Amino acid sequence: MHTDVLVIGGGLGGVAAALAALRAGRSVILTEEFDWLGGQLTSQAVPPDEHTWVEQFGVTASYRTLRNGIRDYYRRHYPLTAASRASANLNPGAGYVSKLCHEPRVALAVLESMLAPYRASRRLQVLQPYQPVAADTDGDRVTAVTVQHRDTEERLTLTAPYVLDATETGELLPLTGTEYVTGFEAQGETGEPSAPAEAQPLNMQAVSYCFAVDHVEGDQVGDKPANYAFWRNYQPSFWGDRLLSWTAPNPRTLESSQRTFTPNPDDDPLAVVADQRRTGGDTNLWTFRRIAARRHFVPGTYESDVCLVNWPMIDYFEGPVIDVPDAAKHLAAARELSQSVLYWLQTEAPRPDGGTGFSGLRLRGDLVGSADGLAQAPYIRESRRIKAEYTIVEQDLSVAVRGAQGAVEYDDSVGVGMYRIDLHPSTGGDNYIDVASSPFRIPLGALIPQRVENLLPANKNLGTTHITNGCYRLHPVEWNIGESAGALAAFCLDRGTAPRAVRNTPALLAEFQDVLVAQGIELAWPDVTGY
């Protein structure tokens with residue numbers, strides 16, 4: 001099968017890349033290995049992590065269309081109360097992690113609606129569930145990618161002038177021989193204040209299997225996981241207690257702190273202020289990532305709030321899942337950890353009334369599209385990363401380094417983003433690394449491999465370091481990366497040029513940036529201060 005732009009990976013970056021190329025008049029093949037498109041937002045079941053100004057600026061126009069579409073979907077199809085329906089900035093879950101917490105399936109419906117006209121015109125072909133298994137190259141060019149059906153093992157060979165790697169782990173990089181890095185770089189290489197003295201390529205952030213629960217009448221306790229005893233007693237050296245406890249490090253101070261858990265508080269969802277500039281929002285774990293606040297809806301719609309569990313205690317950091325022979329073992333153990341957390345919550349978790357266990361916690365696999373109740377896909381925080389023409393380093397955007405001058409203002413900006421440098425505990429035994437950031441730009445140089453000519457990153461696999469990956473990995477940034485990569489591929493096809501030439505030719509760069517701006521991609525920030 002042949003197309004103009006081949007996008008491997010149907011997460012947020014992949015969908016955004018496909019849409020950008022399609023809007024430019026190009027044909028696209030988009031592949032995805034899981035049942036749902038949308039990656040972080042859907043199959044991984046992670047409500048969007050966004051910056052404090054997201055309702056005003058700092059995201060692309062098409063990402064705002066996605067956000068508005070999610071709110072409109074609730075207004076059209078859900079029995080909201082009159083007050084909630086009238087809320088301009090409706091937050092269906094009234095979660096504290098984001099100004100827009102919602103059920104994953106709603107995001108899937110909106111993403112599919114955005115792609116629908118291009119499917120109908122046959123300029124977009126979606127191959128699902130397929131994953132890449134091989135690639136062909138000729139010198140510095142990728143000539144074909146072979147994908148395999150997850151269930152039937154049918155193989156297809158796909159060709160295109162431009163290939164975008166939008167997979168969650170940079171799967172095309174080793175398959176195509178594209179130079180890349182993993183894990184921690186050495187401080188001598190990057191100059192980063194938070195980097196170690198020596199490179200640690202297998203020291204990567206934790207992965208997590210998220211799940212959704214509500215709290216209803218009756219005993220909802222299922223079978224005890226086989227390795228429950230191990231996880232029940234597991235205590236990381238830096239945690240301050242067992243992993244399965246209400247104790248966890250404060251990411252910003254590293255001091256052990258206590259979380260609370262109060263199912264179905266009788267709170268007013270319209271009074272919730274979600275602002276990560278003020279706080280991480282995870283003091284009460286029930287409301288932290290709540291995705292359905294029952295009081296937003298007419299009485300009787302929901303028996304209970306719905307809470308999305310993506311908490312410190314489900315972070316799996318016993319071993320990496322990239323470039324190791326036992327990756328499947330670690331992914332299975334990460335699933336078992338999440339299952340053990342649920343069982344602990346149901347049977348042993350201390351309650352405010354002095355009792356133990358919340359036996360009414362019910363797994364809501366129906367809301368995440370899985371039979372076993374866990375998210376379809378693991379939440380992968382850190383990918384393989386290309387060796388790029390420009391590598392973004394901590395001192396480019398750290399508030400401690402940059403101060404009032406803000407992040408480096410890259411002249412080749414192709415978008416913007418904002419998030420704290422937020423690294424979860426890692427497989428090398430490191431605690432959180434959480435560094436205040438300045439609102440930053442996305443440099444085109446970070447999207448261009450040092451050698452390969454027609455492969456572009458469209459997810460978390462751009463030219464960041466282990467450190468700066470911590471703020472370039474979130475939902476709106478991934479979308480912007482993918483959208484700009486898809487636009488770049490189409491631009492190069494239209495002009496008969498190459499990505500490297502676009503970056504290094506002032507007239508071409510200016511023309512491409514004008515195209516991005518016309519599509520609603522912001523290239524710079526107003527005068528705002530980081531946090």
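Bear in mind that the values here come from a model prediction, so they are computed numbers and not experimental data.
In summary, the aromatic rings of Tyr432 and His424 are positioned with their centroids under 6.0 Å apart. Aromatic pair Tyr209/Tyr316: centroids not less than 6.0 angstrom apart. Aromatic rings from Tyr472 and Phe440 are positioned such that their centres are separated by under 6.0 Å.
Within a 6.0 Å radius of CG in Asp430, more than 12 heavy atoms belonging to other residues, nucleotides or ligands are found. Remark: Glu55 CD is packed, more than 12 non-hydrogen atoms of other residues, nucleotides or ligands lying under 6.0 Å away. Shown here is Asp151, whose CG atom has more than 12 heavy atoms of other residues, nucleotides or ligands within 6.0 Å.
Classification of the His51-Trp53 ring pair by plane angle, with boundaries at 30° and 60°, yields tilted.
Within the 4.5 Å cutoff, side-chain heavy atoms of Glu168 are placed close to those of Gln44. Residues Val368 and Phe211 fail the side-chain proximity criterion, which asks for heavy atoms closer than 4.5 Å.
Ion pair Asp366/Arg364 flagged as a salt bridge, since at least one NZ, NE, NH1 or NH2 atom sits closer than 4.0 Å to an Asp/Glu carboxylate oxygen.
For the 3.5 Å distance criterion, the side chains of Tyr531 and Gln276 fail to qualify, holding no donor opposite an acceptor.
Exactly one of Lys387, Arg384, Arg451, Arg385 qualifies for a salt bridge (Lys or Arg N to Asp or Glu O under 4.0 Å) with Glu179. That residue is Arg451. Exactly one residue among Arg381, Lys99, Arg289 makes a salt bridge (Lys or Arg N to Asp or Glu O under 4.0 Å) with Asp49. That residue is Arg289.
Of the possible polar contacts, one joining the Thr3 side chain to the Val28 backbone as a donor-acceptor pair under 3.5 Å is found.
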For this session: Could you go through the salt bridge (Lys or Arg N to Asp or Glu O under 4.0 Å) check for Glu483 and Arg23 one step at a time?
Result: CA-CA 11 Å; Glu483 186 170 358; Arg23 288 196 305 265; 2.8 Å; yes
